[in-house]
Amino acid sequence: MSATAKRHVHPVTPWVQALRVAPIVAVAVLFAGGEALFSAGLWLIPLFFGGMLLVGALVAGLQYVAWKRLWYWFDESGDFRMQSGVITKRERRLQLSRLQGVDIQQPLVARLVNMGSVKIEVAGAGDSRAVVEFLTLPEAEALRAEVLARSAGLRPDSPAAPEQEQLRVSGGDLFLSLLLKMSTIITLLVTLGIVLLVTFSAGALGLLFLFFTVIAPLLAVFGEFTTFYGFTVAKSPDGLRLRSGLLNTTAQTIPPGRVHAVEFVQSFLWRKRNWVRVRLNLAGIGDTGDGNAGQSAQTVLIPVADWDQAYALVREVMPGIDVLDVDLSPAPPRAGRRAWIQHKQLGVGADERILVTKRGRFERRVAVIPHERVQSVRVTQGPWQRKLGLATMHADSVPGPVKIEALHRRQGEARQLAQQEIERTHAAVARDSSTRWMAKTEGAGAPPAQPAASADPLLIDAPPPTTRPVIAPDGPGPAPGDEVIVTGDDDLTSLPPPTSLPVDAPPPASEDPR
Amino acid sequence: MTNPVDDAFVPPGEAWHPVSAKLVTARRLVLMLVAVPVTIGLVILAVALQDTPWLAALPLIIGLVVFVWIWWLIGRRVRSYGYAERSDDLLVTSGIMFRRLTVVPYGRMQLVDVTAGPIDRSMGLTTVKLHTAAATTDATIPGLPPEEASDLRDRLAALGEQHSAGL
């Protein structure tokens with residue numbers, strides 16, 4: 001594989017980066033010094049602006065140096081390298097054989113100048129991604145195509161494979177769904193409660209704050225709206241590609257096998273329209289730490305969609321599973337004394353492939369995890385549960401918004417469920433083990449539909465790259481109707497090849513488990 | 001109401017492997033160390049309220065009651081820790097009010113930590129913690145003597161490699 005010369009990012013980059021923070025800095029400075037300025041005397045203002053210019057020049061100078069020190073290139077072994085740093089030098093090396101996704105992100109400021117950043121993610125613990133910012137859009141797309149071609153073992157200037165758009169969320173649907181979402185309703189009720197409280201204590205003056213009851217929830221809705229606007233799902237040879245964003249455009253690739261758990265969420269106001277949201281637990285995405293893990297675009301497969309469409313998408317990322325066929329057994333009647341509201345909606349069930357749990361009355365949630373993705377199993381019991389002889393069984397998964405919990409079962413049953421789940425996990429992993437990471441793939445021989453030897457992504461030395469026969473080196477790429485699964489050696493799944501399920505065909509049992 | 005046969009937290013074999021009783025002493029030592037600044041605070045509060053004697057005595061009485069309760073609770077809590085090694089997985093149990101049982105398949109273990117804080121070290125105890133890819137896996141065994149802890153760690157590491165599965 002040929003090495004390339006070192007390249008810089010676009011020279012305008014420091015300005016774009018500065019513009020991203022400029023509004024915040026300006027506001028902060030104005031708040032801090034604005035009052036003092038005007039009270040001290042008007043002659044200070046030119047001095048103030050002079051000072052700002054000086055600081056600006058210093059920052060620009062630093063940014064210029066940072067830009068000069070930022071290089072990216074491909075080395076002799078075909079890996080992507082990035083070198084950066086003014087004071088502390090940092091060099092990052094990404095093995096493209098473990099590529100999980102290459103995406104182009106466009107923050108608002110970059111969008112205005114038709115530039116974008118390229119985010120390259122490889123399988124590995126934690127910090128295994130590189131972000132090249134900023135390049136002009138054609139350059140960014142060329143870089144993306146080159147990374148994809150190199151990771152597939154093709155000539156670096158092969159064109160990128162086309163993707164087939166499957167689903168797009170309309171702005172109207174998105175807006176309405178966000179209005180009807182449980183978190184919006186709760187915000188509305190809380191704000192209303194606060195306003196009423198203020199009114200009762202402060203008199204009619206409190207009524208002035210009534211408009212806050214509308215503003216507060218709308219603000220929340222606005223945030224999510226800008227994140228998920230124009231959400232598009234497209235199928236491509238390297239996995240499912242998700243794109244969204246009103247101001248900042250982000251994109252993400254979900255290769256097969258990266259999804260560890262899936263959850264269908266439905267607010268009770270969505271039931272009439274048969275809408276559902278799908279959230280994911282993805283390997284390699286740490287818990288963001290804040291409570292917005294479910295709203296962050298990274299862990300949402302689709303923010304709102306018809307049940308049929310959502311189910312079809314889930315079957316794309318988790319091939320061969322059938323959620324609707326799993327019988328869910330309900331919680332015992334005495335769970336009603338512990339969970340007054342949701343006890344009728346609790347349920348757990350499993351078949352040979354997946355474990356399914358159900359919970360929630362006003363916001364119904366159905367969580368699904370394949371047995372081979374279960375990391376550990378827990379049984380917990382609080383004091384109230386102990387008095388009622390109940391316990392909860394948890395199946396632990398990688399960090400993410402999806403929690404798989406069988407709430408408030410009989411204690412003996414909870415233990416039994418845990419034991420059965422562990423046994424199924426062993427069995428499922430053993431079935432996978434026939435093509436485990438100890439065996440190394442030797443390259444071009446692997447046909448696309450056969451699961452290749454899965455690499456433990458935490459292994460230091462990955463097996464050599466396998467070619468992807470679907471991208472013909474001289475052809476235009478796979479025809480839109482082709483059903484393909486990428487089996488790079490960072491393939492984390494050995495699930496059987498997916499069955500083709502067109503998006504608008506109804507699933508066999510059209511009754512949803514709610 | 002809890003039917004012993006139906007209990008969710010029975011050990012898989014004969015009994016849970018217990019942790020060292022010295023953990024009780026270690027934890028009570030920590031409690032006493034924490035109680036010192038808290039007592040000072042309560043005394044200050046009492047002095048501030050000295051005009052109303054019964055109100056001044058209240059924080060001190062509450063503090064004493066809480067101290068005694070936690071002292072007793074530590075004893076019970078340490079006795080509730082246990083672990084059991086099976087052929088394919090490890091079970092860890094703990095807790096009295098909030099009981100927990102964790103099952104970790106050996107193949108899922110990514111990391112085995114053996115740590116000891118200063119008080120634990122002075123009493124000759126260590127804590128073994130298993131990590132999987134899930135953040136919610138809660139397999140922590142405190143109060144193990146160092147030889148037992150390192151034996152356990154070595155066994156777990158060997159079994160982990162043997163059963164090693166992908167993510």
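Reckoned from all heavy atoms, side chains included, excluding hydrogens, waters and symmetry mates. Throughout, protein chains are lettered first and strands after them, A, B, ... in sequence-line order, and every chain is numbered starting at 1.
Of all the listed residues (B:P12, B:P105, B:A139), the one sharing the greatest number of non-hydrogen pairs under 4.5 Å with chain A is B:P105. If you tally non-hydrogen atom pairs under 4.5 Å between each of B:L91, B:T137, B:T132 and chain A, the highest count goes to B:T137.
The environment of B:R155 atom CZ is dense: over 12 non-hydrogen atoms of other residues, nucleotides or ligands sit within 6.0 angstrom.
Of the possible donor and acceptor atoms, one in the side chain of A:R415 sits under 3.5 Å from a partner among the backbone N and O of B:V10.
The structure places OG1 of B:T102 at 7.5 Å from CG of A:D396, a figure rounded to the nearest 0.5 Å. The CZ atom of B:R100 sits 10.0 Å away from atom NE2 of A:H394, with the distance rounded to the nearest 0.5 Å. Distance check: B:Y106 OH to A:H426 NE2 gives 9.0 Å after rounding to the nearest 0.5 Å.
Residues B:A134 and A:P399 approach most closely at CA-CD, 4.5 Å, considering heavy atoms. In plain terms, the two heavy atoms of A:G382 and B:F98 that are nearest each other are CA-CD2, 3.8 Å.
Heavy-atom distances place the side chain of A:Q419, and not its backbone, under 4.5 Å from chain B.
Counting only heavy atoms from C-beta outward, the side chains of A:V379 and B:F9 approach each other to under 4.5 Å. You'll find the side chain of A:R378 stays beyond 4.5 Å of the side chain of B:V103, heavy atoms only. A heavy-atom distance below 4.5 Å is not found between the side chains of A:S376 and B:R108.
Counting only residues at least two apart or on different chains, no salt bridge (charged side-chain N to carboxylate O under 4.0 Å, His left out) pair has a member in residues 45-58 of chain B.
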